[in-house]
Amino acid sequence: MCDFINIIRRDLLLALHQGMDWVMVVMFFIIAVVLFPFGVGPEPNILARIAAGIIWVAALLASMLSLERLFQTDYEDGSLELLVLSPMALEWIVLAKVIAHWLTTGLPLILAAPLLAVLLNMNTDGFLMLIAALALGTPSLSLIGAVGAALVLGSRRGGVLLSLLILPLFIPVLIFGVGAVDAVIGGFEARAHMLILGGLMLGSLALCPWAAAAAVRQAVE
Amino acid sequence: MLHRFANPTRFLRLADIIQPWMAWATVLLMGAGLYMGLVVAPADYQQGESVRIMYVHVPSSWMALFCYTGMAISAAVGLIWKHPLADLIAKSTAPIGASFAFLSLLTGSLWGKPMWGTYWVWDARLTSMLVLLFLYLGYMALIEAFDDPTRGTRASSILVLVGVVNVPIIKFSVDWWNTLHQPSSVLKMSGPSIDASMLWPLLLMALAFTTYYLWVMLIRVRAEVAANRIRNLRFRQARGQGED
């Protein structure tokens, strides 16, 4: 358990010290969303109608950005091989790295989302639900993304390939994440959407560390 | 049993025997199926003549799912028992399955225009089928993305197994969600609810697509085996030159 927390701490420290990756991710998220009013026109009604969708899509793309580095830097400097050799099960190591990824990407996105919702003139009834849905949905994104990040280790054009592999698998999270927010704004119950989002998260929590660990193992073999 | 066919030479000998049979079966079954579907079978009382698109649309959708399931099983066999032929079968199946998925989406949208008034709707069945096409394309991109072919095979095998979650979603999407796409009328517990005059050409076409798949798959596996041999010969040649 101590090792588990140590790996999370190590990844967090690395993320804070080198690069400012997580700042870039949030900046990308904000800029991508800000482009939409220019693209579709600034009418408040239109923006309010599509606000939840825009924020979710931008969040998907933003979390894609940092996924590539989830295993890549460790793979290149060789520390991934040491992690594979360590006595702790690789599945736990992968899970620790995913948690660190979520803390440096998912969490800042959630914090930035209400600001963007204001900019897009979203109905205030949806604000809490937007945060709740992102909180339930972004861990699934990190978990599913970890599988893709491990699969493209050592490949040519890893970044583009990663988006081709992972974005189709993000679709269910997107559908129910947007559905929950739109339901609340439309005056309906969002319970079913939230339950499915939670189910997706638990399902990927149970399955993705295994698949990602298998992919890491074959990459460093 | 499994390892009997791990030997490529033995497999190629078997493939030599099966392949012409599959070719002839495809020609005959597809000829009969197309004749019955396009000429003999009646027009639908609601859909008119465009119902005939179904004789291509439904078998290609079945085959897209069938190919993916076959790929997943081969990939699992390849990962678990390091069975070289299973990997080759998975790799050879991918482009065929992708073509079936594309054909299914294409014929579906051509049928949708006169029937639903639109080429495309974002309902669960169509969306999950589109995701299946993306999974096929992702697999094909990943397997080619490594300098070392065995790395590509193993990474893409894991990807196929992850994508299996989509298969039951496609199959049951019409039952779980209230979709514009009509629910299943052939493969269901209470037996087919489709008239025999339409069921027969449909089943003939489905058989024809299956034999077509096996035929093309065998050709592709032979090509892969040949490509592996060429690669090995090249390596040997390069090594020989290095020593001189």
Side-chain angles (χ1 to χ4, degrees), chain A residues 53 64 68 71 75 90-91 94 140 143-176 178-179 192-193 195-196 199-200 202-204 206-221, chain B residues 64 68 72 75-76 78-80 82 87 94 98 101 105 121-170 172-173 176-179:
Chain A
M64 283 282 320
E68 199 190 346
F71 298 111
Y75 178 73
L90 187 55
E91 286 76 14
V94 168
S140 317
L143 283 161
I144 300 170
V147 181
L151 282 176
V152 299
L153 280 178
S155 71
R156 286 172 256 131
R157 348 168 259 284
V160 189
L161 192 59
L162 180 62
S163 49
L164 179 62
L165 301 186
I166 289 306
L167 285 178
L169 298 174
F170 280 177
I171 293 177
V173 180
L174 177 64
I175 293 174
F176 294 106
V178 176
H193 292 102
L195 285 177
I196 293 179
L200 286 173
L202 290 176
S204 44
L207 296 174
C208 289
W210 295 95
V216 169
R217 236 175 246 126
Q218 61 90 23
V220 298
E221 220 170 56
Chain B
Y68 197 88
L79 276 180
I80 296 168
K82 305 259 185 277
D87 287 334
L105 291 171
V121 286
W122 289 100
D123 91 355
R125 175 56 75 80
L126 279 70
T127 312
S128 51
M129 202 65 189
L130 188 65
V131 171
L132 186 71
L133 179 62
F134 287 145
L135 284 174
Y136 274 122
L137 297 179
Y139 174 89
M140 281 151 55
L142 188 64
I143 204 167
E144 296 296 343
F146 293 90
D147 294 323
D148 175 9
T150 53
R151 277 287 321 273
T153 314
R154 263 179 298 165
S156 49
S157 296
I158 296 174
L159 178 71
V160 174
L161 292 177
V162 171
V164 166
V165 288
N166 192 29
V167 172
I169 295 180
I170 299 179
F172 297 110
S173 56
W176 293 344
W177 286 282
N178 191 8
T179 58

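So that the names make sense, note that chain A is the first sequence line, chain B the second, and so on, each numbered from 1.
- Atom OG of residue B:Ser156 and atom CG of residue B:Leu161 lie 10.0 Å apart, to the nearest 0.5 angstrom.
- Within the 4.5 angstrom heavy-atom criterion, atoms from both the backbone and the side chain of B:Asp147 approach chain A.
- Per-residue counts of heavy-atom pairs under 4.5 Å with chain B were compared for A:Ala211, A:Ala214, A:Pro168; the largest is that of A:Pro168.
- Only the side chain of A:Ile171 comes within less than 4.5 Å of a heavy atom of chain B; its backbone N, CA, C and O stay farther away.
- In this structure, A:Leu202 CG and A:Ser140 OG are separated by 8.5 Å, a value rounded to the nearest 0.5 Å.
- Contact tally against chain A (heavy-atom pairs below 4.5 Å) for B:Val165, B:Asn166, B:Leu142, B:Val162: the top residue is B:Leu142.
- In this structure, no portion of B:Leu79 lies under 4.5 Å from any heavy atom of chain A.
- Put simply, of B:Gly163, B:Gly138, B:Ala155, the one with the most heavy-atom pairs under 4.5 Å next to chain A is B:Ala155.
- Looking at A:Ala219, the atoms closer than 4.5 Å to chain B (heavy atoms on both sides) sit in the backbone and in the side chain alike.
- Environment of CZ in B:Phe146: crowded, with over 12 heavy atoms of neighbouring residues, nucleotides or ligands closer than 6.0 Å.
- Annotation: side chain of A:Val94 is in contact with side chain of A:Phe71 (closest heavy-atom distance under 4.5 Å).
- For the pair B:Leu135 and A:Leu169, the minimum side-chain heavy-atom distance is below 4.5 Å.
- Taken from CG in B:Leu159 to CD1 in A:Ile166, the straight-line distance is 7.5 Å, to the nearest 0.5 Å.
- Interface check for chain B: of the options A:Ile175, A:Val152, A:Leu165, the most heavy-atom pairs under 4.5 Å are formed by A:Leu165.
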